[in-house]
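Below is one structure, written out as structure tokens; the observations come after it.
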Amino acid sequence: MCETLKEFTALSRPRLLLRAARLGLRDYHRATHLPRLLGQALPAQNSLVLRRLMEKETALNAQRRLGAIGYRVADHLDLLIAMMDEARRIGLTEETAPDPDRAPDQENASGIDSFLRAT
């Protein structure tokens, strides 16, 4: 776990790639996306999931740096998004991961609170 933490925090990727990955976190659903990315049975521990994702991302980053014909930015973004989510789940980042089983909070659509404060 400690080694995974050091490697994750030491990652250095282009700013635009990371910004796009952060934006993609909103639409990431672990149950749907992770099996597609790993293509196998998921490890029980989130740190092992992160380790496997990091291995795949390292290979893709090498392709990016070499300018390989088979490199796809979309694939790289998918891996970075999954890595960011796993890091949140195991507490490597300050943000907390949303609970996928919990219904999202609903906004007050009536606007009564805003109306009362304005009057």
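We use all heavy atoms of the structure for the numbers below, so side chains are in, but hydrogens, waters and symmetry mates are not. We count residues from 1, following the sequence as given.
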Any idea which heavy atoms bring Leu37 and Ala82 closest together, and the distance? CD1-CB, 3.5 Å

For Leu80 and Ala21, the nearest pair of non-hydrogen atoms, with its separation, is CB-CB, 3.8 Å

Just wondering, more than 12 heavy atoms not from Arg15 lying within 6.0 Å of its CZ? no

Spatial distance of atom [atom1] ([X]) from atom [atom2] ([Y]) [nearest 0.5 Å]:
X     : Y     : atom1 : atom2 : answer
Leu17 : Leu77 : CG    : CG    : 5.0 Å
Arg51 : Met83 : CZ    : CE    : 9.5 Å
Leu53 : Leu34 : CG    : CG    : 5.5 Å
His29 : Asp85 : NE2   : CG    : 10.5 Å
Glu57 : Glu55 : CD    : CD    : 11.5 Å
Leu79 : Thr58 : CG    : OG1   : 9.5 Å

Parallel, tilted or perpendicular: rings of His33 and Tyr28 (30°, 60°): parallel

Does any non-hydrogen side-chain atom of [Y] lie less than 4.5 Å from one of [X]?
X     : Y     : result
Leu50 : Arg89 : no
Ile90 : Val49 : no
Arg72 : Gln63 : no

